[in-house]
There are 2 protein chains.
Amino acid sequence: METAKHLLTPRDLAEAIGASESSVRRWVDNGQIHIARTAGGHRRIPVGEAVRFIRRMGLIVVHPEKLGLRNWPSDRGADIGAADMDQPLYAALLAGDAPLARGLILSAFLAGGSLGNLLDGPVRLSLHRLGELWQHDSRGILVEHRAIEIARGILNELQGLLPATADGAALAVGGAPEGDPYVLPSQMAGLVLQECGYRAINFGANTPVELVTEWAIERRAELLWVSLTAPIDVEVLRQTLGEVAVRLDSQGCALVVGGRHAGEVVDPADRGRVHHADSMAELARFAKSRLAKKFSD
Amino acid sequence: METAKHLLTPRDLAEAIGASESSVRRWVDNGQIHIARTAGGHRRIPVGEAVRFIRRMGLIVVHPEKLGLRNWPSDRGADIGAADMDQPLYAALLAGDAPLARGLILSAFLAGGSLGNLLDGPVRLSLHRLGELWQHDSRGILVEHRAIEIARGILNELQGLLPATADGAALAVGGAPEGDPYVLPSQMAGLVLQECGYRAINFGANTPVELVTEWAIERRAELLWVSLTAPIDVEVLRQTLGEVAVRLDSQGCALVVGGRHAGEVVDPADRGRVHHADSMAELARFAKSRLAKKFSD
DNA sequence: GGTCAATTCAACCAAATCATTCATAGCTGC
DNA sequence: GCAGCTATGAATGATTTGGTTGAATTGACC
């Protein structure tokens, strides 16, 4: 686990903005970037100074994660705290203002909070509120659909900002079960798992769990997620999950169920084989611990 | 492995299109290409901007690899025309090779053909073939789902590469009707209409036509598309379309129905009010003629 | 506290890019 | 044809960039 960094090395900044270490060093020595030094004379760049420099020069951040801004306690410095963002994001999605919503989410991603917190917080809250609009006005359905399309695009863009997964990375597969048409939660799960270092394959909505299970076993996947949002037949799914959990467990593949109705479909008898994640942050935690365990073996 | 370049130097772009560095510099300084700068003042060109410029100017890309878009072995001829592309694209989507599929589609887009031909040709053919896999093997469903997710991401990227729509652009709204879960065709339609100069709002799959109609009339939309892929109740939809067509027609909003089952749901009695597009190219043709007529008024 | 691999240091150099100028080629209107 | 205009490509010396060198520092581990 990478600890939150308040100070960047010249290399960190160089990689983040797609420049060379030499250039960053020169800019520092020119006085364009104000830095601190270690006792031995190594340059250390405060994140705030890095952000200021990037903004002043209008530079493009190619690898945001190198700035180490994520996993921050969203206290200060960050332009937009995730905590204050749900209202503006909700408004943007409500109005169908895609560029604004994109700016809000990408800023938050660049400026701070972990991906899990971002998705669990403003994004989830906004979409949840939008999802209830149709109860008051049938046209709320349209607003919700439009918001989902916008969010899908932004999540897709976020994926491009994540570091590329290594070739030998662990495989994670998943989707929403048959009868569940919601695409976003599963896409989010894939995103989070990719951030954790998995090679994630998202099969999207309405995908039979048994098929994904077969696929996971064949391809030696190490994690299978099931994203459950629609109120589908609980009894059937519970039994299905119990059955596939046994097969997956014997192959060393973890089964994680998440989503609005996840709690109802996990049979207490299957605890230990069927894991349950209430949020994206929890999914990330589980996934990371699973990877760590694999490494220690 | 070289990481994908997000920023090009003037020389990169110059070599890619077979021009001189001087020209690229001049185009940048003229404002024809929008760029970023390094701290020292060197020009850095985002790939998206390069793609937009190349298409806008109708330039020929001599060395696509300089743009970092060709990550597949270029054993075949330098130019893969849209006509020869369906086989490689099908193979890429079948294998779940997202970067390869992306490279193929973006290269074809870069080559300058109309978006309609690209979508009607290789993309549609590949997805159609993939959609029939499940008849031989139930796991074909997974392959299809995965391919759809990949294609969605690429289409999303394509949208970002289209020139921004003008502020006062005509509005077009649409989606797939209630009961039709297919998201891609509607997304493609939105993309094509945006290319034609419309401000397109895609409500996605499973969206009641009556609601979209109300929305279109309220917002003074000039075009409403209905993308019909799933074999849903023809009788009901035909009647619905007939009814909304009258209302839309009185407001000067065109109604276009497209997709696999479009022919069946257009009542001959409604001809003239319910337009029918067999392909994306045809949709583009209709949309453009509609815009032209508006201008001549 | 000590060891050791990885990182960063300062200094240097080759290559690339900068802004500017100038020459050439193509086109238009007379 | 020819003068005028524009676009392009090729030079110029100055500046910026990115890579390399051996030495020093750092951070993690024992």
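The shown structure was predicted, so the numbers you read here are calculated from the model rather than taken from an experiment. The figures that follow rest on heavy atoms only: side chains count, while hydrogens, waters and symmetry mates do not. Letters A, B, ... are given to chains in the order of the sequence lines, protein chains preceding strands, and every chain is numbered from 1.
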Review point. Which of these nucleotides, C:dT8, D:dG9, C:dC9, is closest to any side-chain atom of A:Arg43?
Key: C:dC9
Practice item. Specify the separation, in whole Å, of atom CG of A:Leu13 and atom P of C:dT7. Key: 17 Å
Check your understanding: Side-chain contact, heavy-atom cut-off 4.5 Å: B:Leu283 with B:Leu193?
Key -> yes
**Study point:** d(CZ, A:Arg37; C1', D:dT26) in whole Å
**Key:** 15 Å
Point to revise | A:His42, nearest nucleotide to its side chain (from C:dT8, D:dT17, C:dA10) | key: C:dT8
Exercise for review: In whole angstrom, give the distance that lies between atom CZ of B:Arg26 and atom P of C:dA19.
Suggested key: 13 Å
Review point. Among D:dG9, C:dT17, D:dT17, which is the nearest nucleotide to the side chain of A:Trp27?
Key: D:dT17
Review point. In whole angstroms, how far is the P atom of D:dG27 from the CG atom of A:Leu8?
Key: 13 Å
Study note, to complete from the structure: Of A:Ala39 and A:Ala19, the one whose closest nucleotide on DNA chain D sits nearer the 5' end is A:Ala19
Exercise for review: Report yes if the side chains of A:Glu222 and A:Arg290 come closer than 4.5 Å at any heavy-atom pair, otherwise no.
Suggested key: no
Review point. What is the distance from CG of A:Asp12 to C1' of C:dC9, rounded to the nearest Å?
Key: 16 Å
**Study point:** B:Thr9 vs C:dT17: side-chain N/O to OP1/OP2 distance below 4.0 Å
**Key:** yes
Check your understanding: Within a radius of less than 6.0 Å around CZ of A:Arg220, do more than 12 heavy atoms belonging to other residues, nucleotides or ligands occur?
Key -> no
Review point. Of A:Glu21 and A:Gly41, whose nearest nucleotide on DNA chain D comes first from the 5' end?
Key: A:Glu21
Exercise for review: Is it possible for you to check whether A:Arg25 lies under 6.0 Å from the centre of the six-membered ring of A:Trp27, through NZ or CZ, and within 45° of that ring's axis?
Suggested key: no
Review point. Base, sugar-phosphate, or nothing: which does B:Ser22 touch, judged by heavy atoms less than 4.0 Å apart?
Key: base
Revision key, fill the gap. Closest to the side chain of B:Arg11, out of D:dG9, D:dT25, C:dA16, is C:dA16
Point to revise | Phosphate OP1/OP2 of D:dG27 contacted by A:Arg44 side-chain N/O (<4.0 Å) | key: yes
**Study point:** Under-3.5 Å donor-acceptor pair between B:Arg25 side chain and D:dG9 base
**Key:** no
Review point. Does a nitrogen or oxygen in the side chain of A:Ser23 sit under 4.0 Å from OP1 or OP2 of D:dG18?
Key: yes
**Study point:** Distance in angstrom units between B:Ile17 CD1 and D:dA7 C1', rounded
**Key:** 14 Å
Review point. Closest to the B:Thr38 side chain: D:dA10, C:dT8, D:dT16?
Key: D:dT16
Review point. CG of A:Asp29 versus C1' of C:dA10: gap in Å, rounded?
Key: 9 Å
Exercise for review: May I ask you to say whether A:Arg43 pairs ionically with A:Asp29, meaning some side-chain N is under 4.0 Å from a carboxylate O?
Suggested key: yes
Practice item. Would you kindly give the CG-to-P distance between B:Leu59 and D:dA7, to the nearest whole Å? Key: 15 Å
